[in-house]
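Here's the structure we're looking at; comments come further down.
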Protein chains: 2
Amino acid sequence: MAASDSVSSRSAAQLKTPKGTRDWVGRDLLLRDRIFQAASDVFKRHGGVPLDTPVFELRSVLSEKYGEDSRLIYNVEDQGGELCSLRYDLTVPFARWLAMHSNIKQIKRYQIAKVYRRDQPAIARGRLREFYQCDFDIAGNYDPMIPDAEIIRIIFEVFRALDLDVVVKINHRRILDGMFAVAGVPQERLRAISSAVDKLDKATWDDVKKEMVEEKGLSNDVADRVGAYVRRSGTMKETLEALRSNQDLVANEDIKAGIADMELLLRYVDAMGVADIISFDLSLARGLDYYTGLIYEVVLKSNGGKPSQVGSVAAGGRYDGLVGMYGKRPVPCVGLSFGVDRVFTILDAQQNKKASELESEVDVYIMAAGGKGFDGLLPERMAVATQLWDAGLRAEFFAKVKPKMIQQFNAAEKIPVAVILGEEELAAGQVRVKDARAGDGGEVEKNRGELVNRGELVERVRQMLSGVTIK
Amino acid sequence: MAASDSVSSRSAAQLKTPKGTRDWVGRDLLLRDRIFQAASDVFKRHGGVPLDTPVFELRSVLSEKYGEDSRLIYNVEDQGGELCSLRYDLTVPFARWLAMHSNIKQIKRYQIAKVYRRDQPAIARGRLREFYQCDFDIAGNYDPMIPDAEIIRIIFEVFRALDLDVVVKINHRRILDGMFAVAGVPQERLRAISSAVDKLDKATWDDVKKEMVEEKGLSNDVADRVGAYVRRSGTMKETLEALRSNQDLVANEDIKAGIADMELLLRYVDAMGVADIISFDLSLARGLDYYTGLIYEVVLKSNGGKPSQVGSVAAGGRYDGLVGMYGKRPVPCVGLSFGVDRVFTILDAQQNKKASELESEVDVYIMAAGGKGFDGLLPERMAVATQLWDAGLRAEFFAKVKPKMIQQFNAAEKIPVAVILGEEELAAGQVRVKDARAGDGGEVEKNRGELVNRGELVERVRQMLSGVTIK
């Protein structure tokens with residue numbers, strides 16, 4: 001008994017997707033595609049060129065790019081030949097591609113694809129081991145802050161297309177590092193303190209200070225100075241004013257350069273009409289080491305106008321050193337990555353869930369009615385379906401030679417238009433058409449509907465569809 | 001010297017994609033997306049539901065499905081946890097998904113995704129280790145041959161949408177096996193002989209016969225009888241007639257059942273208007289073991305009306321046993337897979353190649369002109385770009401504070417409409433708009449173009465674009 005139990009449970013266990021992965025089907029997938037479409041429409045409008053890279057890269061291409069997160073990389077088995085790993089993000093493959101094509105001086109590229117991380121999955125919170133990223137990056141030498149401003153414009157356009165109100169939190173790595181230096185943080189602890197400060201959006205100041213003092217060995221005074229500097233956010237104008245009014249900060253070369261960048265940025269986002277979606281937040285730090293200038297993180301506005309607690313829905317920044325790591329040439333880059341899964345979760349929650357996620361979106365159902373001796377009219381139903389397909393309409397019929405009326409009615413239940421064939425009507429070159437959503441509570445009844453000549457069928461169906469509420 | 005050479009060549013060698021994979025970029029990618037769009041439009045029209053499965057599956061899900069091709073499967077490294085492999089096709093993940101969801105009685109599903117095979121790559125012939133498949137399958141119990149006929153209709157609609165003329169070669173596994181049995185092929189050599197016969201589209205009869213006799217141990221007589229049976233193709237009517245007129249063949253139970261299927265199919269494809277794209281070819285065998293009924297293979301019609309030599313552009317068949325292999329329940333299926341790479345190669349060759357595959361598709365280029373002391377009008381260019389983006393137009397400008405005229409002209413070279421800003425015009429609320437393709441050989445010249453009020457800019461640009469030949 002035990003043995004057979006274990007066999008059957010093992011066989012059942014095999015019928016699943018691997019840990020941290022899922023299937024996507026039907027409406028979920030179509031909603032996800034709608035997000036991709038909205039984003040890629042905006043990317044193309046800004047001159048973006050699509051790129052698609054292999055799902056695995058040479059292992060050497062990925063190595064030394066992700067710090068301690070490298071342990072999360074999926075390796076492909078050594079089966080002879082090259083050592084490969086699944087991509088961890090889309091930024092490194094883009095940098096590899098740029099390094100390979102030294103003829104490309106400037107490019108805006110976008111890529112929407114799955115990435116892989118052997119992390120502890122938390123499916124309810126939308127954290128999976130296989131998930132989509134949706135990236136837009138501008139690479140090459142341009143005058144300062146012009147591409148950076150366009151990225152913010154793109155963020156605005158994508159979320160506008162999705163009907164979501166967002167706040168773009170921004171900061172500048174050189175201002176952040178400058179503040180740490182002025183506060184007295186030792187050079188070698190910059191990134192550690194930076195990552196503690198980055199938690200201020202979720203943790204209290206007391207907790208963050210405790211981490212800096214107790215875990216990261218900062219003195220109480222230095223920690224307090226860091227706190228005084230970074231706990232400030234507002235419009236770009238307000239935060240710039242606050243920085244400029246502090247003589248200690250302004251004297252620092254990094255901060256001076258950062259302020260100059262931010263002043264330019266303000267001018268440009270103003271010209272692009274998106275200054276008012278920005279919050280200049282001096283505590284924003286971002287985890288990744290490779291950022292060198294502007295960094296940003298996009299959060300949803302809650303109804304009260306304050307940032308919501310969903311976490312960031314897009315993020316990115318400037319990384320001028322990454323492409324140069326391949327030893328070919330440096331290429332300055334700025335880019336952003338949309339958190340497709342979080343955006344999906346938000347939009348999905350807004351939708352009224354339909355009965356079945358597997359429902360296909362069909363316009364017309366073709367059925368046959370007849371009395372005794374009736375042969376089912378299958379070739380006739382096929383021919384009418386073909387007429388509708390040729391007109392670009394989405395049509396189905398019951399795939400039985402002699403379906404019962406009730407079977408056809410049930411199958412047609414959520415489909416807006418029904419075409420009903422009968423032998424007599426067909427002999428006269430006619431069919432019955434019925435708006436299944438009109439009048440009598442949306443039920444298709446036997447022998448009802450209006451008589452239409454075959455030649456006018458497509459037009460009549462189109463009229464009915466255009467009068468029908470979108471599902 | 002030698003040491004440094006080897007270092008630099010090693011570092012250069014790392015800058016590539018793994019063997020048998022490639023990057024896709026720009027126009028190539030947009031063409032590929034057009035193929036996917038054409039196919040998924042047709043799939044949706046027929047009630048298809050999209051499915052997306054993880055790129056890797058539990059290794060046990062893939063095992064014992066591919067016969068000796070299993071050696072081509074990419075395994076993911078054992079890094080603790082479950083053993084996984086990259087998917088080899090989209091059929092087995094679909095069968096796994098069907099077995100997991102026993103509530104699903106009938107479904108039409110499509111999936112467009114990459115699959116992985118550690119084969120010897122032949123990039124010039126379009127054979128890669130990472131490549132796309134585009135599958136449509138109808139699963140569940142229906143009356144015989146109705147789904148099979150709809151698959152052929154779908155093939156017709158997809159290639160019609162791509163403007164390609166095709167021939168659908170069909171055969172039936174039970175007819176094929178029946179012919180082998182009647183000819184005297186021993187039961188245990190059926191599949192081996194089947195795979196020899198399948199080569200008749202590329203090899204001569206003499207070569208195939210040689211393989212059957214010398215390698216596969218058939219007697220001369222049996223081989224000749226096989227040859228006499230299978231070397232026959234024509235319309236469905238012709239081939240059915242030939243089969244029916246042979247008493248030896250008609251007496252075989254498998255052939256009898258196959259003929260009944262084919263008669264039904266003929267009736268249905270006739271009703272769906274696609275009987276005349278079919279060639280009933282008794283030598284078609286298809287490699288995969290799991291087919292149980294109708295099989296088909298789609299080839300391009302050459303200009304002379306005969307099948308071309310490109311090889312098949314789509315293929316598939318009925319596989320009623322595969323889902324049952326997961327031990328849950330049997331689900332009969334019929335499906336097809338489009339050879340996206342071959343279709344891409346054909347369509348790509350038809351296109352006139354543009355100068356650069358990386359060209360983005362931009363509608364409008366915004367430039368600034370001015371004399372001495374001119375400040376470049378960057379925020380003004382940004383504001384005009386924003387106006388155009390808001391109208392859904394694809395607009396770019398030169399990302400420099402003070403670009404030279406020649407730089408802007410060069411960047412705008414292939415873009416249909418130019419908007420030229422000058423300080424005086426802007427002060428009067430106007431800009432210049434120029435159709436860069438009209439009249440004077442398509443060159444944008446300094447200080448030319450028509451004056452337009454800012455409020456009328458979008459409309460005027462739209463007019464110019466609609467008058468411009470599609471690139």
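Sequence lines set the chain letters: A, B, ... in the order given, protein chains first and strands last, and positions in each chain run from 1. None of the values given here were measured: they were computed from a predicted structure. The figures that follow rest on heavy atoms only: side chains count, while hydrogens, waters and symmetry mates do not.
Here the CG-CG distance, from A:Leu378 to B:Leu264, works out to 9.0 Å after rounding to the nearest 0.5 Å. Between atom CG of residue B:Asn75 and atom CG of residue A:Asp78 there is a gap of 11.0 Å, rounded to the nearest 0.5 Å. Once rounded to the nearest 0.5 Å, the distance linking NZ of A:Lys114 with NZ of B:Lys114 reads 11.5 Å.
With a 4.5 angstrom heavy-atom cutoff, A:Val401 touches chain B via backbone and side-chain atoms both. Looking at A:Glu150, only its side chain comes within 4.5 Å of chain B, counting heavy atoms on both sides. For A:Leu393, the part sitting under 4.5 Å from any heavy atom of chain B is the backbone (N, CA, C, O) and nothing else. Only the side chain of A:Glu157 comes within less than 4.5 Å of a heavy atom of chain B; its backbone N, CA, C and O stay farther away. Heavy-atom distances place the backbone of A:Lys402, and not its side chain, under 4.5 Å from chain B. Interface residue A:Tyr110: only side-chain heavy atoms are found under 4.5 Å from chain B. A:Leu86 touches chain B through its side chain: at least one heavy atom from C-beta onward sits under 4.5 Å away, while N, CA, C and O do not. For A:Ile73, the part lying near chain B is the backbone, with the side chain staying farther off; criterion is any non-hydrogen pair under 4.5 Å.
Interface summary for chain B: among A:Leu51, A:Asp41, A:Val61, A:Leu83, the most heavy-atom pairs under 4.5 angstrom belong to A:Leu51. For the set B:Pro93, B:Gly80, B:Ser85, B:Gly392, the entry with the most heavy-atom pairs within less than 4.5 Å of chain A is B:Gly392. Ranked by heavy-atom pairs shorter than 4.5 Å toward chain A, the options B:His46, B:Arg394, B:Lys19, B:Met100 are led by B:His46. Ranked by heavy-atom pairs shorter than 4.5 Å toward chain A, the options B:Thr53, B:Thr386, B:Asp52, B:Val76 are led by B:Asp52. Contact count versus chain A (heavy atoms, under 4.5 Å) is highest, among B:Gly81, B:Gly273, B:Ala395, B:Cys84, for B:Ala395. Among A:Glu130, A:Glu82, A:Gln79, the residue with the largest count of heavy-atom pairs under 4.5 Å with chain B is A:Gln79. Note: B:Pro18 leads B:Ala383, B:Pro379, B:Pro403, B:Pro18 in heavy-atom pairs under 4.5 Å with chain A. Ranked by heavy-atom pairs shorter than 4.5 Å toward chain A, the options B:Glu380, B:Glu57, B:Arg267, B:Arg153 are led by B:Arg153. Residue with the most contacts toward chain B among A:Arg32, A:Arg59, A:Arg129: A:Arg32 (heavy-atom pairs, distance under 4.5 Å). When A:Phe398, A:Tyr142, A:Tyr268, A:Phe397 are compared by the number of non-hydrogen pairs under 4.5 Å with chain B, A:Tyr268 comes out ahead. Of the listed residues (A:Val42, A:Val364, A:Asp143, A:Asp270), the one with the most heavy-atom contacts under 4.5 Å to chain B is A:Asp143.
Considering every non-hydrogen atom in both A:Val362 and B:Gly47, the closest pair reads CG2-CA, 3.9 Å. Heavy-atom minimum distance, B:Lys400 versus A:Ile146: N-CD1, 3.7 Å.
By the 4.0 Å N-to-carboxylate-O rule, B:Asp23 lies close enough to A:Arg96 to be salt-bridged with it. For B:Glu361 and A:Arg45, the salt-bridge test fails: no basic side-chain N is under 4.0 Å from an acidic carboxylate O. A salt bridge is absent between A:Glu77 and B:Arg118: the closest approach of a Lys/Arg side-chain nitrogen to an acidic carboxylate oxygen does not fall below 4.0 angstrom. Between A:Arg160 and B:Asp390 a salt bridge is recorded (basic side-chain N to carboxylate O distance below 4.0 Å). In summary, B:Lys44 and A:Asp363 do not engage in a salt bridge, as defined by a charged side-chain N under 4.0 Å from a carboxylate O.
Under the side chain to side chain contact (heavy atoms under 4.5 Å, CB included) rule, B:Pro50 has a single partner from A:Asp28, A:Leu30, A:Asp33, which is A:Leu30.
Taking the six-membered ring for Trp and the full ring otherwise, B:Tyr74 and A:Phe56 have centroids separated by under 6.0 Å.
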Step by step, would you call B:Tyr116 with A:Val55 a side-chain contact (heavy atoms from CB on, under 4.5 Å)?
CA-CA 10 Å; B:Tyr116 299 88; A:Val55 80; 3.0 Å; yes
